[in-house]
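Single-structure report; data block below.
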Amino acid sequence: MSVRVRFAPSPTGKLHVGSARTALFNWLFAKHHHGTFILRIEDTDQKRSNPAFLDDIYASLKFLGINADEGPLFQSQRMPIYQEHAKQLLDSGKAIQKEGAVMFQISPRQVTFKDLLRGDITTDTTLFESLVLMKSDGTPTYNFACVVDDALMHISHVIRGDDHIANTPKQVILYEALGLPLPVFAHIPLIVGADRARLSKRFGATSVDEYRRVGYLPEAFVNYLALLGWAPGGNRELVPPEELIELFDLAKVRKTAAYFDQKKLDWLNGQYIKQMPVPKLARMLAERLINKGILQPGYDPATLERITAVIQDRLRVLEDIEEEHIFFFQDPPQYQDEAVAKFLRQDGVGKRLLELRTRLEALPQFDTAAIEQTTRAMVAEQQLQSKDLIHPARVAVTGRSVSPPLFDVMAILGKTKVLHRLEYAATKLADTQ
RNA sequence: GUCCCCAUCGUCUAAUGGUUAGGACAACAGCCUUUCGAGCUGACAAUGGGGGUUCGAUUCCCCCUGGGGACACCA
């Protein structure tokens with residue numbers, strides 16, 4: 001039996017990370033078994049569906065590298081199919097027309113279905129209040145359309161969130177009434193937030209798009225999502241997509257809800273960033289900065305690569321570059337008040353910075369080694385502590401009290417900018433209380 | 001309220017009858033260091049409770065407790 005799975009989102013909101021993980025598990029399972037991954041859009045509720053969300057779903061799946069082998073199929077375009085199957089049940093007396101809707105006639109009994117993760121789950125049908133197949137507006141309900149489509153699309157495994165467990169017995173009796181073969185069901189646990197309740201807006205970012213914007217790498221995000229509820233074995237943490245496909249085992253997915261741990265995601269993303277070749281990372285950062293209007297399209301790639309090399313180990317998310325390292329791209333840098341107050345507003349600082357400026361100006365070769373040598377020589381001659389010169393100089397050059405190694409930063413910025421910033425800080429910001 | 005599902009460090013997880021209960025993130029301490037970060041080292045940290053079954057239970061069974069989910073002509 002060939003593996004055929006589907007991911008069936010409703011375009012009623014941005015693609016949620018919980019949905020993304022469901023899509024990922026389906027996709028990994030399909031790819032692992034050389035099967036087919038189908039995208040189906042459940043847009044029977046025209047009032048709540050919105051094309052903008054559809055675009056977001058496509059973009060988010062594309063970002064994650066989850067590509068559909070078939071689809072997208074739209075339920076809104078399959079109305080005659082549902083009507084035909086409803087008629088079949090009506091004709092056979094298994095359903096009746098009531099108040100404009102088609103209702104399934106539920107006979108009291110026990111329904112048992114097999115869940116790949118949990119074993120047999122049995123339910124008493126008398127617990128169902130009613131089972132509407134077709135609403136009075138002529139559109140199918142979720143449980144009906146889902147069964148008809150899954151059967152017609154020859155879905156072999158229905159992998160979905162465990163919030164659907166209660167729907168499954170209803171669907172099973174519909175498969176049976178329609179004389180259609182049952183797929184294998186696998187209900188995977190939900191992702192929860194800090195309050196252990198299902199991930200909601202209160203938690204912070206919940207859509208894939210938000211994570212994309214902040215600058216998480218698709219491989220890292222997919223890696224993290226895969227690790228939520230499943231482990232590749234061998235104490236592996238960093239597992240690139242190709243290996244995820246190779247190692248993924250649906251039967252080993254845990255049954256407990258997993259807490260979405262932003263810190264671990266950040267760490268993982270940092271690991272992926274660290275592993276990237278500098279030129280590639282530089283191009284990625286450039287694209288981002290250009291989009292933000294921080295960098296001009298005609299930028300110098302060599303300089304950007306030098307910046308990238310210096311900040312690579314410090315980035316957790318791409319957004320960090322505009323949060324922490326913006327001084328590379330602004331002239332003059334934006335001076336942070338606390339940094340100025342702490343390191344520049346001290347007696348003699350201005351004079352020292354001007355002295356450093358004079359010494360650096362004399363350098364024929366403005367590289368990291370020469371800058372460091374010059375700075376340390378001045379520290380030694382004036383019997384200073386290195387921090388008494390370096391910290392103010394850092395603030396003068398970067399506007400902040402925290403930065404990558406100062407001598408590297410200076411070398412990248414170049415003599416002109418460095419001299420100008422030292423002078424500016426010494427004369428306009430330093431000493432004055 | 002009714003029904004269903006679940007239960008290992010703070011978090012993600014490994015170990016399905018025999019381990020000093022392992023790893024990772026976080027937090028903490030130290031090293032390195034011009035700051036921060038990165039890196040390295042170290043210490044701390046868990047089988048929810050009670051009954052069984054067994055020579056032996058994280059592991060199998062039952063009860064309790066706790067958490068979550070579902071109870072729409074929404075999906």
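A note on names: the letters A, B, ... follow the listed sequences, proteins ahead of strands, and every chain is numbered from 1.
- Residue A/P9 is out of contact with every strand shown, counting any heavy-atom pair closer than 4.0 Å.
- Checking the phosphate oxygens (OP1, OP2) of B/A38, a side-chain nitrogen or oxygen of A/R316 falls inside 4.0 Å.
- Among the atoms of the strands shown, base atoms are found under 4.0 Å from some heavy atom of A/E237.
- Across all strands, A/R48 comes closer than 4.0 Å to base atoms (heavy-atom distances).
- Contacts of A/G233 with the nucleic acid, taken as non-hydrogen atoms under 4.0 Å apart, are absent.
- Among the atoms of the strands shown, only primed sugar atoms or phosphate atoms (P, OP1, OP2) are found under 4.0 Å from some heavy atom of A/Q271.
- Spacing of C1' atoms, B/C44 relative to B/G49, comes out at 25 Å, to the nearest Å.
- If you check every strand for non-hydrogen atoms under 4.0 Å, A/A231 touches sugar and phosphate atoms only.
- Of the two residues contacting RNA chain B, namely A/T122 and A/D137, the nearest-nucleotide position lying further toward the 5' end is that of A/T122.
- Nucleotide B/C6 holds its P atom 9 Å from the CG atom of A/L117, rounded to whole Å.
- A close approach under 4.0 Å does occur between a side-chain nitrogen or oxygen of A/T44 and OP1 or OP2 of B/A75.
- A close approach under 4.0 Å does occur between a side-chain nitrogen or oxygen of A/R376 and OP1 or OP2 of B/U34.
- Across all strands shown, B/C71 pairs with B/G1; the Watson-Crick or G-U wobble distances both stay below 3.5 Å.
- A/T375 comes within contact range of no nucleotide atom at all, as no heavy-atom separation falls under 4.0 Å.
- Contacts of A/L406 with the nucleic acid, taken as non-hydrogen atoms under 4.0 Å apart, include base atoms.
- Distances shorter than 4.0 Å separate none of the side-chain N or O atoms of A/Q110 from OP1 or OP2 on B/C3.
- Across all strands shown, A/S136 has heavy atoms under 4.0 Å from base atoms, whether or not it also approaches the sugar-phosphate.
- Within the nucleic acid shown, A/N167 comes within 4.0 Å of at least one base atom, counting heavy atoms only.
- Among the atoms of the strands shown, base atoms are found under 4.0 Å from some heavy atom of A/R254.
- Residue contacts shown for A/K274 are limited to sugar-phosphate atoms, with no base heavy atom under 4.0 Å away.
- Using a 4.0 Å heavy-atom cutoff across all strands shown, A/H187 reaches no nucleic acid atom at all.
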